[in-house]
Structures are given as C-alpha cells and as structure tokens.
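Structure record follows, encoded as structure tokens.
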Amino acid sequence: MTEAPIVFVKNLKKKYKDGTMAVKGISFKIKKGEIFGFLGPNGAGKTTTIKILTTLLKPTEGKAIISGVDVEEQSHKVRQKIGVVFQTPALDSKLTAWENLDFHARLYGIPSTRRDKRIKQVLKLVGLNKISKKLVEKFSGGMKRRLELARGLMHNPEILFLDEPTLGLDVQTRNKIWEYIMKIKKDENMTIFLTTHYMEEAEKVCERIAIIDEGKILKMGTPQELIDASCHGIITVKTKNKIKKSSNILNVKKMNGKTLIKVKDNKKITKVISEIMKKYEVEEISISKPSLEDVFLNLTGKSIRDDKPQKRKLRIGRFR
Amino acid sequence: MKDNRELQSIYVSWKRVMIRLSRSKGRLFGTMFQPVLFLITFGLGFRKVGGNLEFVLPGILAMNAIMSSAMAGISVIWDREFGFLKEILIAPVSRASAVIGRSLGAITTALIQGIWIGFLGILFGAKINYLGIIPAFVFLSLISALSVGIGLAFSSKLSDFESFQIIHNLIIMPLIFLSSAFIDVSTAPKWLVFITKVNPFSYGINGLRYSLTGTGTVNVFFDFGVISLFVILATIISIRLFEKIEV
Ligand SMILES: Nc1ncnc2c1ncn2[C@@H]1O[C@H](COP(=O)(O)OP(=O)(O)OP(=O)(O)O)[C@@H](O)[C@H]1O
Ligand SMILES: [Mg+2]
C-alpha cells in the first residue's frame with residue numbers, strides 16, 4: 001500500500017489552441033503491475049490524456065508524474081520508461097515490419113548484441129515472425145496493431161499505454177489482441193494503461209476503471225465496485241402472489257405478467273432470492289446482473305454507444 | 001559508439017530516407033529522367049539565346065538539390081499525416097538527431113542525383129574542371145542542407161497538405177529562380193542582381209559554379225562563408241521548431 005504509484009496525475013487540464021477544453025481537471029493513480037482502464041465515449045478526452053502522459057502534448061494545468069518523473073519537466077526521462085500504442089497508426093508503411101522494429105530498437109538504445117534477438121522475440125510474441133520482411137503497407141489492420149504492440153513493449157517499458165488497442169478490428173482479432181496483452185502482462189509484469197469504449201472488454205480485462213466523459217472522471221474503481229455503487233441487480237419472478245417490498249428490496253414493478261424486483265445491495269441478491277422462494281409460490285425466477293453499460297447509462301444518462309458507428313467510420317477512413 | 005543512442009538515431013533517420021528513396025520507383029525514375037529534361041531545355045534550348053551549358057549545368061545541379069532536399073524537409077508533413085511522426089517524437093533521443101539524420105539523408109540523395117546530372121552534363125558536352133569536383137560536392141551539400149532546413153522549419157509549423165503547396169510554390173520556387181542559378185548577374189538588370197544577392201542560395205551556387213567552371217565569382221571563400229552561415233542558422237532554427245512540435 002505504501003509503494004509509490006507508477007502513475008500519479010493531479011488536476012490535469014488541457015485546453016487546445018482552438019479553445020476546446022478536452023480534459024477538465026482529472027486526478028488518478030495507477031499502481032505498479034495494474035491494468036487500469038479509461039472508459040468513455042468519443043471525445044471524452046482519453047486520447048488527449050494519453051498524449052499528455054506520453055509527452056506528446058503539454059498540459060495546460062496540473063501535474064502528471066510517471067515513475068517519479070514529471071512528464072512536463074523531464075519528458076526526456078519519461079520517454080525511456082514508457083511504451084505506447086496510439087489510437088491512430090504510427091508505423092512507417094514503406095518499411096518492413098523488421099525495419100520498423102529495428103528503427104525503434106536503435107532509438108531506445110537496445111545494444112547491438114541484443115537487438116536482433118529482441119526483435120525476433122517480440123515478433124514471435126505477436127505471431128508476426130513469419131512475415132517480418134513484408135512491407136507494412138501490405139499488412140491488415142489487425143497485423144499492424146499487433147506490430148505496434150510488439151514495438152511498444154520491445155524496450156521493456158515500465159508502463160505500456162494502449163489507446164483503443166482493439167478499435168476497428170473484428171471480434172476474433174480483438175480477442176487475439178487481448179490474449180497478447182494478457183500474456184505480456186503476465187510475462188513481463190507490466191503496468192498497463194488502456195482506453196476503450198468497449199464495455200465488455202473493460203470489464204473483463206481491467207483491474208480498475210475510470211469512467212470518463214466530457215473531460216471529467218465520473219467514477220473510479222474495480223468493475224464490480226462501480227457496478228455495485230451505482231446499479232442494482234434485478235430479479236424477475238413469475239408468480240401469482242403479490243410481492244411486497246422488504247428491507248433488501250428497493251422497488252417492485254409489474255411488467256408483462258412478471259414481477260421485476262430491484263435489489264438494494266447487489267451483494268444481498270442471493271439472500272433476496274431465497275427470501276422470495278420461501279415466502280411466495282414461484283413459477284420462474286431469473287436474475288439480471290447489471291453491467292458497466294448500465295453504470296455508464298446511470299452516470300451520464302446516455303449509452304456509450306450513442307452515435308458511435310458513424311463517428312467511428314469517419315475516424316477509420318480518415319486518411320485525408 | 002555502436003550503442004550510442006544519438007548516433008544511432010542519426011543513422012536510422014538517414015537510413016530511413018535512403019530506404020524510402022530506393023523503394024519509391026516514381027521518385028527514382030523522376031530522379032533519372034528530370035535532369036535530362038532540364039539539360040535539354042535549359043542547356044541546349046537556351047544555347048540559341050546566348051546561354052551555355054557550362055553556365056546552366058551548375059544551375060541545374062543546384063535547382064535539383066534545392067527541390068529534392070526541400071521535399072525531404074517537407075516530408076515531416078507526410079510523417080505527421082501518416083502517424084510516424086509520433087514514433088519519432090516520443091523516442092528518448094534528442095530531436096536534433098532526428099533532424100540531422102534526415103538532413104544527411106537529403107544531402108546524400110542530392111549528391112547521388114548530382115553525380116548523375118554531372119555525368120549527363122559531360123555527356124551533353126559540358127566542359128568542367130575536374131579538379132573542382134570535391135569543392136563542388138561541398139557546395140552542393142551546403143545548398144542541400146540549407147534547403148532541407150527551410151523545408152523542415154516550415155513543415156514543423158504548418159501541418160497540412162495545403163501548406164506543402166504553399167511552401168513549394170511560394171518559397172522554394174522563388175528561391176530557385178531568383179538566385180544566380182539561372183540569372184546571369186553580368187547581364188541582368190540591377191534590381192534583379194540585388195535580389196539574387198540577398199538570396200543565400202546564390203552564394204552556394206556561385207561557389208558551385210566557380211568550382212566546376214572557374215567563372216562567375218570573386219571569392220569562393222566568401223561564398224563558402226555566407227552559405228555555411230545560413231546552413232547553420234537554418235539547422236538551428238529547424239531543430240528548435242522541430243522540438244516544439246506537438247501532435
Ligand atoms: N488537436 C486538437 N485540437 C482541438 N481540439 C481537439 C484536438 N484533438 C482533440 N480535440 C478535441 O478534444 C476532445 C477530446 O478528444 P480526444 O481525442 O481526447 O477524445 P477521445 O476520448 O480519445 O475520443 P475517441 O474515443 O473518439 O478517440 C474532443 O472534443 C476533440 O474534438
Ligand atoms: Mg481517442
């Protein structure tokens with residue numbers, strides 16, 4: 001508990017030149033070895049935050065410290081400690097996969113004796129070792145993302161930043177990418193800071209999540225904590241009896257001949273069920289546990305997927 | 001030495017320019033073919049109106065170096081568009097090394113092209129002073145370095161494709177045509193001569209011309225000094241601006 005956090009962010013703000021307040025004073029900490037996620041809709045300020053933490057942008061206000069080094073004042077030192085996979089591609093498509101990695105290895109001072117070995121190692125990790133001599137422009141989207149992942153971790157950074165690592169990929173590829181990420185996390189015990197707007201992924205992968213919208217953190221905690229704090233499990237019962245409210249029940253509603261019971265505290269959901277089973281004549285019973293989706297809906301009053309497909313397409317196709 | 005990060009950064013930045021050049025068939029072909037066109041129009045075409053190949057050849061060499069190197073500098077805009085600039089900017093090396101590597105790449109390119117153009121020029125019948133080839137390389141490198149610096153400086157500040165057109169048409173082209181590359185200061189009107197004198201490229205071109213043909217300048221050392229000064233200035237400015245880039 002006393003160990004210093006690897007990322008320490010305090011009251012961070014970013015105002016772009018055109019006046020847009022993209023980040024409006026956020027604070028958070030990330031522990032060593034943790035997978036921490038930013039969950040938020042388009043324009044929430046996720047990428048802006050990552051760009052500040054990775055020294056690409058200067059904050060307008062506030063502090064960000066990575067592994068004891070101030071991001072703004074000692075950006076040079078920070079750069080050695082971090083690995084980044086940006087939301088938009090950052091590869092040279094006229095170079096081969098190998099050349100891209102070799103470029104990186106040299107800039108990050110990987111000694112010549114270890115360079116080729118390390119390149120092979122990371123290529124293998126993401127399953128690209130067979131096509132390392134191919135030009136990146138011939139790669140599929142998923143292959144490019146895997147290559148960026150390999151590059152991001154090749155200099156053994158203390159923390160890996162992944163900005164929407166699975167955006168625009170199909171389900172299989174997305175699962176594959178997560179598999180690699182989990183493997184990296186296990187093999188290299190790396191701290192990972194990722195952003196996403198896929199709820200299920202955040203819930204499955206992240207140990208702690210911050211829900212961010214319009215430049216502000218609305219809530220932070222483990223996925224379960226977030227769900228428990230702002231959502232209530234619902235028990236659906238088919239019964240002829242009239243179910244009465246009790247101390248563990250928040251409210252009772254009738255819908256399509258079924259009774260919907262909202263539980264006050266998710267931890268007591270099984271207790272409520274046994275209570276009902278005892279007291280009433282139950283024909284059918286089912287529970288629906290709330291997900292992060294519900295948390296988000298509750299916190300912001302909108303679905304994270306609102307207006308999504310259109311905007312995403314625009315971004316993916318944005319080659320200008 | 002081998003593991004020094006700054007040197008490695010200069011090296012890979014240079015190498016990247018070279019690899020990209022070797023893979024771009026369009027640019028390779030253009031590089032081979034364009035000088036032929038220039039030599040025919042400027043060299044042989046102008047012969048009738050009193051121009052001569054010896055005067056025009058250094059001009060063509062310089063023009064080619066300026067254009068090709070400006071392009072190398074401006075390529076920062078491409079790197080920004082296609083995202084690779086982020087990889088360069090977050091690397092734990094000085095941005096100066098990235099700038100220097102890129103400049104060296106551009107200079108190498110300009111020298112290779114220069115050798116080809118010189119070879120063509122001799123083929124077309126230009127008589128050059130072979131003893132001056134080494135100083136000619138030096139002046140050509142300086143011209144190239146200045147042009148890269150200008151391209152880099154502007155493209156660090158401006159960020160879209162439109163700016164590319166602006167830099168090319170409003171800065172690079174005038175600098176070429178309002179220099180001593182194609183303006184003969186012994187016959188040109190006074191105001192035009194004045195303009196060529198405030199254009200730093202003229203000094204590089206005068207030095208180049210003197211090295212190759214032994215004509216046209218009063219003092220090569222003065223030319224060398226002036227162009228070197230501007231190269232240093234442009235390099236410092238472009239590094240400063242490159243350091244300030246945010247993506
Ligand atoms: N360079 C810029 N200049 C001005 N405004 C910007 C710039 N980049 C981003 N913004 C604005 O800042 C806000 C936050 O953008 P940001 O890219 O950080 O969001 P995000 O959470 O990453 O969204 P997405 O899920 O779409 O990637 C948006 O309103 C965006 O329009
Ligand atoms: Mg983003």
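Note on naming: letters A, B, ... go to the chains in the order of the sequence lines (proteins, then strands), and numbering restarts at 1 for each one.
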Side-chain donor/acceptor of A:Thr195 to backbone N/O of A:Glu164, under 3.5 Å: yes
Checked A:Leu57, A:Thr54, A:Leu107 vs chain B; the most non-hydrogen pairs under 4.5 Å come from A:Leu107
Side chain, backbone, both or neither of A:Ile82 within contact of chain B (heavy atoms, under 4.5 Å): neither
Atom group of B:Ser97 that falls short of 4.5 Å from chain A, counting heavy atoms: neither
Cation over ring face, A:Lys29 and A:Phe8, 6.0 Å, 45°: no
For chain B, find which of A:Lys51, A:Lys81, A:Glu99, A:His155 contributes the most heavy-atom pairs closer than 4.5 angstrom. A:Glu99
Which atoms of A:Thr48 come close to chain B, meaning under 4.5 Å heavy atom to heavy atom: side chain ones, backbone ones, both, or neither? neither
Output field: ring centroids A:Phe28/A:Phe38 closer than 6.0 Å: yes
A:Ile110, A:Thr55, A:Asp92, A:Leu56: which one forms the most heavy-atom pairs within less than 4.5 Å of chain B? A:Asp92
Which atoms of B:Arg95 are under 4.5 Å from chain A, going by heavy atoms: the side chain, the backbone, both sets, or neither? side chain
Whether the side chain of B:Thr41 engages the backbone of B:Phe38 through a donor-acceptor N/O pair (distance < 3.5 Å, no angle test) should be reported. yes
Keeping the roles fixed (side chain from A:Thr60, backbone from A:Lys15), state whether a donor-acceptor pair exists under 3.5 Å. yes
May I ask you to name which of B:Leu89, B:Ile88, B:Ile19, B:Ile90 has the most heavy-atom pairs under 4.5 Å with chain A? B:Ile90
Answer yes if the ring centres of A:Phe36 and A:Phe161 are under 6.0 angstrom apart, and no otherwise. no
